[in-house]
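Below is one structure; the comments refer to it alone.
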Amino acid sequence: MTSAWSRRTFLATSAVLTAASGGALMFATPGAASAGPEDDPYAALRTTWSALLLGEGFSPTAEPFKSRLADLGAKASQWLEAMAPAEGSLWPDAVFADPDPDTDAESYVLSGRMADSFVRLNTMAQAYRQQGTGLTGNTGLRDAVLTGLEHLNTQVYNDGQTRYGNWYSWQIGAPQALLDVCVLMYDSIVPERLARYCAAVDHFVPDSAVASYTGTSTGANRVDLCRVLALRGVVGKSAAKIALARDALAPVFPLVTKGDGLYADGSFIQHTTVPYTGSYGSVMLGGLGLLFALLKGTTWEVTDPKRQVVFDAVENAWAPFLYNGLVMDSVAGRAISRGEVDDHRRGHPVLASIVLLGRGASAAENARWRALVKGWAQRDYYSPPLNNPSLGLTALARIKSVLDDTALAPIAEPAGHRLFPDMARATHRRPGWAASLSMADRRTTYYETGNGENLRGWHTGNGMLYWWGDTFANGQYSDAFWPTVDPYRLPGTTVSRKVLADGAGGDWGVALPDVNWVGGVTDTKRAAVGQYLKGLSSTLMAKKSWFFLDDTVVCLGAGIHGRDGAAVETTVDNRNLGPTGNAPFTVDGSAKPVTAPWSATLSGASWAHLAGHGGYVFPGGATVKALRENRTGRWRDINRAGSTDPVSRKYLTLWFDHGTDPSDATYAYQLLPGASEQRTAARAADSGWLRVLANTDEQQGVAVPSLGLTAVNFWFGASVGPLVADAPCSVMVTEHADGTATVCVSDPMRMRTSLTLTWNRAVASVVSKPGTVTSATAGASLRLVFGDLSGARGATQTVKVRLA
């Protein structure tokens with residue numbers, strides 16, 4: 001039976017605690033970790049960890065810290081007042097007792113409440129230790145935290161309990177929070193209780209949890225488990241546990257070629273098939289930064305030379321997906337369905353983690369990373385990091401220290417293209433805008449759902465093309481996009497409108513299309529990318545290509561088939577105009593209504609322009625449908641833990657309607673982010689700027705004479721324009737003003753043991769070539785013979801030549 005958590009209960013509990021400690025309790029001084037001897041390495045580690053948890057180098061009377069500390073105190077006060085220890089719960093709204101313990105959905109919820117109970121105690125402990133919370137050193141708060149720990153240990157988190165529900169709650173969520181509290185309140189907890197809490201952690205997180213690098217002990221999860229083991233060693237004064245934690249990090253560092261971890265091309269995978277740089281990758285980055293900082297200068301310092309892989313990944317893996325402070329949703333997995341944390345709020349902890357990681361890197365790396373972070377943070381006009389309510393005090397302090405560093409010059413966004421074949425992703429940056437592409441293949445899932453999250457992300461891997469401007473549209477996917485957008489009309493995608501059930505395809509990224517040709521080539525400035533698309537739980541098939549150029553993305557589609565008895569559509573774009581947005585929309589110079597709802601079939605359209613966003617060009621004219629509408633949804637619709645409050649946003653959608661059960665349908669358009677109406681119209685009028693060389697089920701290619709560029713995705717070998725390939729491949733050739741040319745080739749299928757490419761252009765000599773080229777013949781044409789490309793993992797092979 002739940003009883004009120006009264007002042008009398010506090011007094012009684014204090015008496016019990018006093019008796020248990022031999023008649024007197026020794027409490028930590030707020031702001032200090034422990035009064036242990038200077039030569040006590042565990043006391044030193046507790047001091048370090050307390051500083052990492054509570055932050056340092058900021059004034060509690062200065063903003064934004066003053067308000068944030070007050071909020072922390074208010075939250076702790078809320079938990080203090082509501083606490084009511086009872087059988088099966090510590091708070092009435094967080095019952096954790098499971099009448100039928102197993103791993104079903106109900107047990108997942110109950111185990112989550114158990115872990116959340118420890119998180120609440122952690123909040124209270126931080127409010128007790130932090131200055132400026134209004135509860136600093138409050139004895140009632142202290143006693144409540146100690147009683148809460150004991151109640152949870154007695155009731156549920158002990159060495160005799162069998163876990164139920166979500167493994168994560170028992171092995172990571174609960175023990176991390178528990179051990180944080182043990183460090184913060186160390187001198188207030190009698191040794192016998194500390195021993196029992198450590199025994200509970202040992203029970204749920206034994207040494208065997210890191211014995212093999214498999215299952216739930218890989219990537220970010222492995223780093224989290226090592227954090228638990230390290231803090232268990234700190235709290236329980238076990239050198240062996242700390243050493244185990246340090247050594248168990250070793251498998252995280254090397255680059256991988258399958259499964260979870262970092263790849264040579266900058267990909268980061270978790271859950272075997274899910275691109276997760278912006279979610280689990282963020283957790284791993286932050287966790288490593290904390291552990292490196294905790295152990296630095298100690299007997300247990302992480303000195304593994306392979307940790308340089310992680311340092312290199314800051315710019316190879318994370319930076320490409322950071323833009324103006326946000327981390328792109330294309331690598332956030334099911335986290336996109338969590339309404340309280342959008343792409344900007346997910347990005348800010350990554351910035352703080354990079355600053356922390358820099359402490360363990362070289363001086364040059366640290367300085368450059370701080371300059372990168374300063375640039376990202378300063379440019380985040382939409383959601384400034386220092387205003388992020390979900391960002392912890394320590395992260396705030398790290399970012400503010402960078403922003404306040406007057407000697408530090410921010411680094412601007414680079415221009416260039418990055419292709420990530422190992423997770424079917426691409427990013428493209430140009431002055432004024434950036435874009436990201438998400439695809440799916442035999443190795444990379446369509447999308448991830450699980451724990452009732454991201455229930456309608458079905459088509460995010462169908463070629464979703466995200467884009468942002470440098471000073472506009474940075475809230476495009478942040479502002480309630482996911483619960484309000486039509487999930488069948490995600491920008492850039494080709495989909496069957498066959499109705500899918502929530503979570504279709506299965507949990508944890510198990511749904512994979514049976515396709516190999518996904519990838520492309522890049523010269524680091526431009527790119528040709530292609531996706532052989534097979535729809536999730538449908539008969540849809542299509543060939544999709546994107547040519548990422550200087551001011552545009554040329555998008556082609558062909559071989560579009562479907563036999564689901566449903567319409568098939570390709571969404572040119574679907575712009576979130578906000579709750580009241582009425583951006584003017586113009587087609588071929590004719591302004592369309594700004595009222596909603598409005599819809600039209602635009603026959604023979606040559607170009608369209610959406611003010612404040614950009615332009616769209618349809619080579620040769622096209623029939624496109626347009627819709628301006630107000631859409632209402634709830635976060636609960638896409639995440640079972642989400643809010644039930646309705647949210648509404650206005651959208652302007654452009655799409656190709658391929659009809660019901662199409663056969664060999666096609667599309668072609670140019671996306672011009674940030675283009676003015678005049679520039680869009682001028683591009684449409686310049687019929688010679690772009691030549692579509694092929695747009696069929698067998699090849700897709702373009703030529704842009706002004707750029708000296710020819711690019712073809714060969715789904716099958718053939719002759720297209722001046723290029724001849726004898727097998728499937730991706731090719732991009734660029735002629736330069738200095739009389740040289742670059743030929744970029746890849747095998748996206750990773751199956752070619754030989755490939756012959758001919759460029760029918762006079763070439764004087766071959767300047768350089770990779771080892772995969774077994775023969776290179778110049779003359780009236782260039783003939784390149786490649787050997788085995790299957791081991792190149794879809795990476796671009798670059799040949800440089802001098803033109804005749």
Side-chain angles (χ1 to χ4, degrees), residues 49 52-53 108 111-112 114-116 118-119 122 157 163 165-183 198 200-235 241-253 256 259-262 268-272 274 276-295 300 302 304 307 310 313 318 332-335 338 341 346 349-350 352-353 356-357 392 394-395 450-451 508:
W49 192 251
L52 290 169
L53 291 178
Y108 259 61
S111 65
M114 178 274 299
D116 186 57
F118 280 109
V119 172
N122 194 6
Y157 203 79
R163 80 185 194 200
N166 192 345
W167 71 271
Y168 183 94
S169 299
W170 302 92
Q171 292 200 300
I172 295 176
Q176 283 192 354
L178 164 62
L179 291 165
D180 285 354
V181 175
C182 287
V183 170
C198 286
V201 174
D202 292 344
H203 173 64
F204 292 112
V205 193
D207 293 356
S208 60
V210 294
S212 63
Y213 198 63
T214 57
T216 57
S217 187
T218 61
N221 289 334
R222 170 58 72 96
V223 175
D224 271 337
L225 290 169
C226 288
R227 171 177 162 177
V228 170
L229 290 168
L231 268 295
R232 157 62 181 89
V234 171
V235 171
K241 287 285 185 182
I242 302 174
L244 174 63
R246 176 200 61 204
D247 296 342
L249 287 173
V252 174
F253 301 145
V256 301
D260 294 351
L262 286 162
F268 178 83
I269 295 289
Q270 192 79 38
H271 293 169
T272 309
V274 188
Y276 249 134
T277 314
S279 182
Y280 278 91
S282 172
V283 171
M284 188 179 89
L285 188 68
L288 287 172
L290 286 169
L291 288 174
F292 289 170
L294 172 67
L295 302 177
W300 304 280
V302 180
D304 188 330
R307 69 180 186 155
V310 177
W318 279 280
R334 69 186 194 280
R338 298 169 188 163
V341 182
R346 278 193 301 276
V350 179
S353 294
L356 177 60
L357 193 70
T394 54
N451 289 347
W508 314 119

*Give the intermediate values and the outcome of side chain to side chain contact (heavy atoms under 4.5 Å, CB included) for residues Trp508 and Arg334.*
CA-CA 9 Å; Trp508 314 119; Arg334 69 186 194 280; 3.6 Å; yes
_Residues Phe118, Gln176; criterion side chain to side chain contact (heavy atoms under 4.5 Å, CB included); working and verdict_ = CA-CA 9 Å; Phe118 280 109; Gln176 283 192 354; over 6 Å; no
*Hey, mind stepping through Val274 and Ile269 against side chain to side chain contact (heavy atoms under 4.5 Å, CB included) and telling me if it holds?*
CA-CA 5 Å; Val274 188; Ile269 295 289; 5.7 Å; no
*Does the pair Phe268 and Met284 meet the rule for a side chain to side chain contact (heavy atoms under 4.5 Å, CB included), with working shown?*
CA-CA 10 Å; Phe268 178 83; Met284 188 179 89; 3.7 Å; yes
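The two residues Ala209 and Leu225 come nearest to each other via the heavy atoms O-CD1, 4.0 Å. Across all non-hydrogen atoms, the minimal contact from Leu229 to Val205 is CD2-O, 3.8 Å. In terms of heavy-atom proximity, Ser279 sits nearest to Arg338 at OG-NH1, 4.3 Å. Scanning both residues, Asn221 and Thr216, for their nearest heavy atoms gives CB-O, 3.1 Å. Contact record, Ala174 with Ala115: N-CB, 3.8 Å, taken as the closest heavy-atom pair. Taking both residues in full, the closest heavy atoms of Val119 and Ala177 are given as N-CB, 3.8 Å, listed atom of the first, atom of the second, then distance.
Asn451 CG to Tyr168 OH: the interatomic distance, rounded to the nearest 0.5 Å, is 11.0 Å. Here SG of Cys182 is found 10.0 Å from CG of Asn122. Values are rounded to the nearest 0.5 Å. One distance of note links CG of Leu231 with SG of Cys198; it measures 10.0 Å at 0.5 Å rounding. The SG atom of Cys226 sits 9.0 Å away from atom CG of Asp247, with the distance rounded to the nearest 0.5 Å. With values rounded to the nearest 0.5 angstrom, Leu244 atom CG is found 11.0 Å from Arg232 atom CZ. Distance check: Ser282 OG to Tyr276 OH gives 12.0 Å after rounding to the nearest 0.5 Å.
The shortest side-chain heavy-atom distance between Met114 and Trp170 falls under the 4.5 Å cut-off. Counting heavy atoms from C-beta outward, Asp202 and Lys241 have side chains that approach closer than 4.5 Å. Side-chain contact check for Val256 versus Leu262: every heavy-atom pair is 4.5 Å or farther apart. Considering only heavy atoms from C-beta on, Val302 stays 4.5 Å or farther from Leu291 through its side chain. Residues Trp300 and Leu294 form no side-chain contact, since every pair of their non-hydrogen atoms from C-beta on lies 4.5 Å or further apart. Contact of the Leu53 side chain with the Thr394 side chain is not registered, since no non-hydrogen atoms from C-beta on lie closer than 4.5 Å. Within the 4.5 Å cutoff, the side chain of Trp49 has heavy atoms near those of the Leu290 side chain. Residues Leu356 and Leu285 have side chains not in contact (no heavy-atom distance under 4.5 Å, counting atoms from C-beta outward).
Salt bridge Asp260/Arg222: absent, no basic N to carboxylate O contact under 4.0 Å. In summary, Arg227 and Asp180 engage in a salt bridge, as defined by a charged side-chain N under 4.0 Å from a carboxylate O. Classification of Asp304 and Arg246 as a salt-bridged pair fails, no side-chain N sitting under 4.0 Å from a carboxylate O.
The backbone N or O of Thr214 sits nowhere less than 3.5 Å from a side-chain atom of Ser217 that would complete a donor-acceptor pair. In this structure a side-chain-to-backbone donor-acceptor pair under 3.5 Å is present from Gln270 to Thr218.
Annotation: ring pair (Phe, Tyr, Trp, His ring centres under 6.0 Å) contacts of Tyr213 (sequence neighbours excluded): none.
Cation-pi geometry between Arg163 and Phe204 is not met: the NZ or CZ atom fails to fall both under 6.0 Å from the ring centre and inside 45° of the normal.
A side-chain donor-acceptor contact under 3.5 Å links His271 and Tyr280.
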